[in-house]
Asker: 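Below you'll find the structure I mean.
Atom set for the values below is all heavy atoms of this structure, side chains included, hydrogens, waters and symmetry mates excluded. Quick caveat, the model's predicted, so the values are computed rather than measured.
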Amino acid sequence: MPISISQPINVLSEQEFHDLDYQIMKLAFETHNGLGRFYNEKIYQNKLTELCHKNGITVDSEVQIELTHGSFKKSLFIDLLIESSSVYELKASRAIGAPHRVQALGYLFLTGTQHGKIINFRPPSIEHEFVSTTLTQSARRSLSIIDINWNHDSEPASRLKTMTIELLKDWGAFLDTDLYTEALCNLYCDGVEIIQPIEIQSGTSTLGTQNIPLLSPTETFCMSSVRNGISTYQTHLQRFLRHTDLKHLHWINMNSHNIEFKTLSN
């Protein structure tokens with residue numbers, strides 16, 4: 001199975017989730033009030049788990065999700081899965097940010113659940129956000145491929161495109177692009193490292209080196225999930241390319257259900 005979870009999942013309705021969350025947040029506030037704000041995430045996870053058990057609420061910590069595709073395997077771990085149905089991600093950060101939301105949503109997508117929550121114990125007053133989705137597993141695999149500006153004459157580009165589409169069929173879209181990038185880098189040369197340093201130049205000066213994935217000595221790729229400001233993003237990719245000796249940058253942008261393959265040239 002391309003996506004496997006270490007235990008069965010029950011899907012709750014929105015109202016059922018909010019009823020459960022009301023209980024969980026009372027215990028989260030109790031945790032925060034008792035411990036204060038200066039511990040790491042694991043301390044808060046252990047305390048909240050302890051309080052859930054004392055109140056008859058089933059909770060499992062570090063629930064494993066295993067992603068596989070070909071020879072590639074990647075394990076992710078949900079902080080808390082409560083009543084086998086609700087994803088809770090616990091943070092001890094200055095503020096809840098976009099990466100936290102992407103992570104939590106990814107767990108909803110992979111478990112097939114629709115409701116979860118991020119709780120941040122670091123601020124003076126506990127911070128919390130709902131995360132939710134209406135996307136089903138099948139909807140995440142219903143994709144539109146746009147490749148009119150792709151370099152079909154490049155063997156590395158053609159291979160990359162085929163691998164990406166097969167990966168999306170297995171895992172679906174909407175996950176963190178770093179997951180897809182890691183898998184593609186691993187699979188492209190069957191586990192052989194393709195991330196290599198290249199020189200960054202400005203005029204006649206070499207500013208230093210930067211590690212990037214190389215499909216060939218003159219071709220790289222990147223993945224993104226840009227929805228707004230796509231033209232600006234492309235401008236900056238083009239600027240990056242201009243300061244290297246690379247010939248092509250193969251760009252894969254996942255804009256909702258639209259997967260656009262575009263080759264930028266130097």
Asker: Is there a side chain to side chain donor-acceptor pair (under 3.5 Å) between S231 and Q234 once you walk through the steps?
Answerer: CA-CA 5 Å; S231 61; Q234 179 174 330; over 6 Å; no

Asker: Please report the C-alpha distance between F109 and D176 in whole Å, then the side-chain angles of each, then the deciding distance to 0.1 Å, and finally whether the side chain to side chain contact (heavy atoms under 4.5 Å, CB included) criterion is met.
Answerer: CA-CA 11 Å; F109 295 144; D176 188 341; over 6 Å; no

Asker: Atom CG in L184, atom CZ in R159: separation rounded to 0.5 Å?
Answerer: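 L184 atom CG to R159 atom CZ measures 10.5 Å (nearest 0.5 Å).
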
Asker: With the side chain counted from C-beta on, respond yes when K161 and H250 share a heavy-atom pair under 4.5 Å apart, and no when they do not.
Answerer: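 Contact flag for K161/H250 side chains = no.
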
Asker: Which distance, rounded to the nearest 0.5 Å, do you find between the CD1 of I259 and the OG of S144?
Answerer: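 Reported value, rounded in 0.5 Å steps: 8.5 Å.
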
Asker: When Ile, Leu, Val, Met, Phe, Trp and Tyr are grouped by side-chain heavy atoms lying under 4.5 Å apart, directly or through other members, which residues fall in the same group as I126?
Answerer: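 In the cluster with I126 are L12, F17, L20, I24, M25, L27, F29, L35, Y39, I43, Y44, L48, L51, I57, V59, L80, I82, Y88, L90, I119, F121, F130.
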
Asker: Please examine the side chains of I9 and S85, heavy atoms only from C-beta on, and report whether any two atoms are closer than 4.5 Å.
Answerer: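 The answer is no, as the side chains (C-beta and beyond) never meet within the 4.5 Å cut-off.
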
Asker: Tell me whether L108 shares a hydrophobic cluster with I3, the cluster being built from Ile, Leu, Val, Met, Phe, Trp, Tyr side chains joined at under 4.5 Å.
Answerer: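 Looking at the clustering, I3 is in the same group as L108.
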
Asker: Mind checking whether R140 and T136 have side chains closer than 4.5 Å, heavy atoms only?
Answerer: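 Of all side-chain heavy-atom pairs linking T136 with R140, none is under 4.5 Å.
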
Asker: Look at the side chain of W171 and the backbone N and O of T68, then say whether any donor-acceptor pair between them is shorter than 3.5 Å.
Answerer: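 Checked: pair present.
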
Asker: Check whether any side-chain N or O of E127 sits under 3.5 Å from a backbone N or O of I96 as a donor-acceptor pair, and report yes or no.
Answerer: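 At least one qualifying donor-acceptor pair exists.
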
Asker: So, are E50 and K54 salt-bridged, with charged N and O less than 4.0 Å apart?
Answerer: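 Salt bridge between E50 and K54, a charged N being under 4.0 Å from a carboxylate O: yes.
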
Asker: F261, F221: one ILVMFWY side-chain cluster at the under-4.5 Å cut-off?
Answerer: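 Both belong to a single hydrophobic cluster.
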
Asker: Treat each ILVMFWY residue as a node, draw an edge where side-chain heavy atoms are under 4.5 Å apart, and state whether V226 and I146 are in one component.
Answerer: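 Each belongs to a different hydrophobic cluster.
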
Asker: Using the rule given for side chain to side chain contact (heavy atoms under 4.5 Å, CB included), can you reason through I252 versus Y180, listing the C-alpha separation, both sets of side-chain angles and the distance that settles it, and then say yes or no?
Answerer: CA-CA 11 Å; I252 306 164; Y180 303 112; over 6 Å; no

Asker: At their closest point, which heavy atom of S224 faces which heavy atom of N253, and how far apart are they?
Answerer: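 It is OG-OD1, 2.6 Å.
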
Asker: Quick check: do R94 and R122 have side-chain heavy atoms less than 4.5 Å from each other?
Answerer: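 Of all side-chain heavy-atom pairs linking R122 with R94, none is under 4.5 Å.
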
Asker: Is there a donor-acceptor pair under 3.5 Å between the side chain of N266 and the backbone N or O of L241?
Answerer: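 Yes, the answer is positive, given that a donor and an acceptor are paired below the 3.5 Å cut-off.
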
Asker: We want to know whether S158 and E155 form a side-chain donor-acceptor pair, criterion being a heavy-atom distance below 3.5 angstrom.
Answerer: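 There is no such pair (donor and acceptor under 3.5 Å, judged by atom type) between the side chains of S158 and E155.
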
Asker: With side chains defined as the heavy atoms from C-beta onward, is the minimum distance between V102 and L105 less than 4.5 Å?
Answerer: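 No; the side chains remain at least 4.5 Å from each other.
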
Asker: To the nearest 0.5 Å, what is the distance between CG on L175 and CE on M254?
Answerer: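 So the CG of L175 and the CE of M254 are separated by 7.5 Å.
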
Asker: Any donor-acceptor pair under 3.5 Å linking the side chain of R141 with the backbone of A173?
Answerer: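 Not confirmed, R141 side chain does not pair with A173 backbone.
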
Asker: Let me confirm one number: the OG1-CZ distance from T244 to R239, rounded to the nearest 0.5 Å.
Answerer: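 Result: 15.0 Å between the selected atoms.
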
Asker: Do L67 and L179 come within less than 4.5 Å of each other through their side chains, counting heavy atoms only?
Answerer: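 Side chain of L67 against side chain of L179, heavy atoms only: contact under 4.5 Å found.
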
Asker: In terms of hydrophobic clusters joined by side-chain contacts under 4.5 Å, are M163 and L214 together?
Answerer: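 No, M163 does not connect to L214 through the hydrophobic network.
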
Asker: Starting from the C-alpha separation in whole Å, work towards a yes-or-no answer on side chain to side chain contact (heavy atoms under 4.5 Å, CB included) for K117 and E89.
Answerer: CA-CA 6 Å; K117 200 158 203 186; E89 282 299 296; over 6 Å; no

Asker: Can a salt bridge be assigned to the pair E182 and K74 using a cut-off of 4.0 Å between side-chain N and carboxylate O?
Answerer: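 Salt bridge between E182 and K74, a charged N being under 4.0 Å from a carboxylate O: yes.
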
Asker: Taking atom types as modelled, is there a side-chain donor on Q201 or D245 under 3.5 Å from an acceptor on the other?
Answerer: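 Yes, a side-chain donor-acceptor pair sits under 3.5 Å.
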
Asker: Could you tell me which non-hydrogen atom of N151 sits nearest to which non-hydrogen atom of T263, and how far apart they are?
Answerer: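 Heavy atoms of N151 and T263 come nearest at N-OG1, 2.9 Å.
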
Asker: Output, in order, the C-alpha distance, side-chain angles, deciding distance and verdict of side chain to side chain contact (heavy atoms under 4.5 Å, CB included) for L160 and E219.
Answerer: CA-CA 11 Å; L160 177 68; E219 296 170 272; over 6 Å; no

Asker: Once side-chain contact (heavy atoms from CB on, under 4.5 Å) is applied, do any residues pair with N46, and if so which ones, sequence neighbours excluded?
Answerer: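 With neighbours one apart ignored, the set is K42.
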
Asker: Has T218 got a side-chain atom pairing as donor or acceptor with H248's backbone, closer than 3.5 angstrom?
Answerer: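 Checking the backbone N and O of H248 against the side chain of T218, no donor-acceptor pair under 3.5 Å is found.
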
Asker: Transitively linked via ILVMFWY side-chain contacts under 4.5 Å: I230 with M223?
Answerer: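 No, it is not one cluster - the side chains of I230 and M223 are not joined through contacts under 4.5 Å.
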
Asker: Report yes if the side chains of Y188 and L215 come closer than 4.5 Å at any heavy-atom pair, otherwise no.
Answerer: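 When only atoms from C-beta onward are counted, L215 and Y188 do touch, with a gap below 4.5 Å.
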
Asker: Does a side chain donor of either Q210 or E199 reach within less than 3.5 Å of an acceptor in the other side chain?
Answerer: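 Side-chain D/A pair, Q210 to E199: absent.
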
Asker: Any side-chain to backbone donor/acceptor pair from S6 onto Q64? Under 3.5 Å, distance only.
Answerer: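 Confirmed, S6 side chain pairs with Q64 backbone.
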
Asker: Return the minimal non-hydrogen interatomic distance between S132 and H115, and the atom names on each side.
Answerer: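 Between these two residues, the closest heavy atoms are CB-ND1, 3.9 Å.
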
Asker: Quick check: are there more than 12 heavy atoms from other residues, nucleotides or ligands sitting under 6.0 Å from CG of N33?
Answerer: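 Yes, because the 6.0 Å sphere around CG of N33 holds more than 12 heavy atoms from other groups.
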
Asker: Nearest 0.5 angstrom please: Q23 CD to C52 SG, how far?
Answerer: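 The CD atom of Q23 sits 9.0 Å away from the SG atom of C52.
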
Asker: Okay, side chain of T206, backbone of G208: is any donor-acceptor separation there less than 3.5 Å?
Answerer: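 Flag not set: sc T206 to bb G208 has no pair under 3.5 Å.
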
Asker: Run Q7 and D60 through side chain to side chain donor-acceptor pair (under 3.5 Å) and show every step you take.
Answerer: CA-CA 10 Å; Q7 66 179 72; D60 296 282; 3.3 Å; yes

Asker: Which heavy-atom pair separates S75 from E66 by the least distance, and what is that distance?
Answerer: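 Shortest heavy-atom contact: OG-OE2, 4.0 Å.
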
Asker: Between E193 and I195 (side chain of the first, backbone of the second, donor and acceptor by atom type, cut-off under 3.5 Å), is there such a pair?
Answerer: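 Indeed, once roles are kept as given, a pair shorter than 3.5 Å links the two residues.
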
Asker: So which of H100, E41, Q103 actually passes side chain to side chain donor-acceptor pair (under 3.5 Å) with K91?
Answerer: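 Only match with K91 under side chain to side chain donor-acceptor pair (under 3.5 Å): Q103.
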
Asker: Looking only at non-hydrogen atoms, find the nearest pair between W150 and K262 and report the distance.
Answerer: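 Taking W150 first and K262 second, the nearest heavy atoms are CE3-N, 3.2 Å.
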
Asker: Any donor-acceptor pair under 3.5 Å linking the side chain of S93 with the backbone of A95?
Answerer: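 Checking the backbone N and O of A95 against the side chain of S93, no donor-acceptor pair under 3.5 Å is found.
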
Asker: CD1 of I65 to CD1 of I5: how many Å apart, nearest 0.5 Å?
Answerer: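 So the gap between those two atoms works out to 5.5 Å.
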
Asker: Inspect the surroundings of CD in Q238 and state if more than 12 heavy atoms from other residues, nucleotides or ligands are less than 6.0 Å away.
Answerer: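 Counting other residues, nucleotides and ligands, CD of Q238 exceeds 12 neighbours.
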
Asker: Distance-only, no hydrogens or angles: does the Y107 side chain make a donor-acceptor pair with backbone N or O of F77 under 3.5 Å?
Answerer: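 Side chain of Y107 to backbone of F77: a pair is present.
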
Asker: Can you see whether N211 engages Q196 through a side-chain donor-acceptor pair at a distance of less than 3.5 angstrom?
Answerer: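 Note: N211 and Q196 side chains miss the donor-acceptor criterion.
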
Asker: Which pair of heavy atoms, one from Y233 and one from W251, lies closest together, and at what distance?
Answerer: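 Minimum heavy-atom contact is CD2-CZ2, 3.5 Å.
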
Asker: Kindly indicate whether the side chain of I78, heavy atoms from C-beta on, has any atom under 4.5 Å from the side chain of T111.
Answerer: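 The answer is yes; the side chains approach within 4.5 Å.
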
Asker: I'd like to know whether the aromatic ring centres of H257 and F174 sit less than 6.0 Å apart in this structure.
Answerer: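 Ring centres of F174 and H257 closer than 6.0 Å.
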
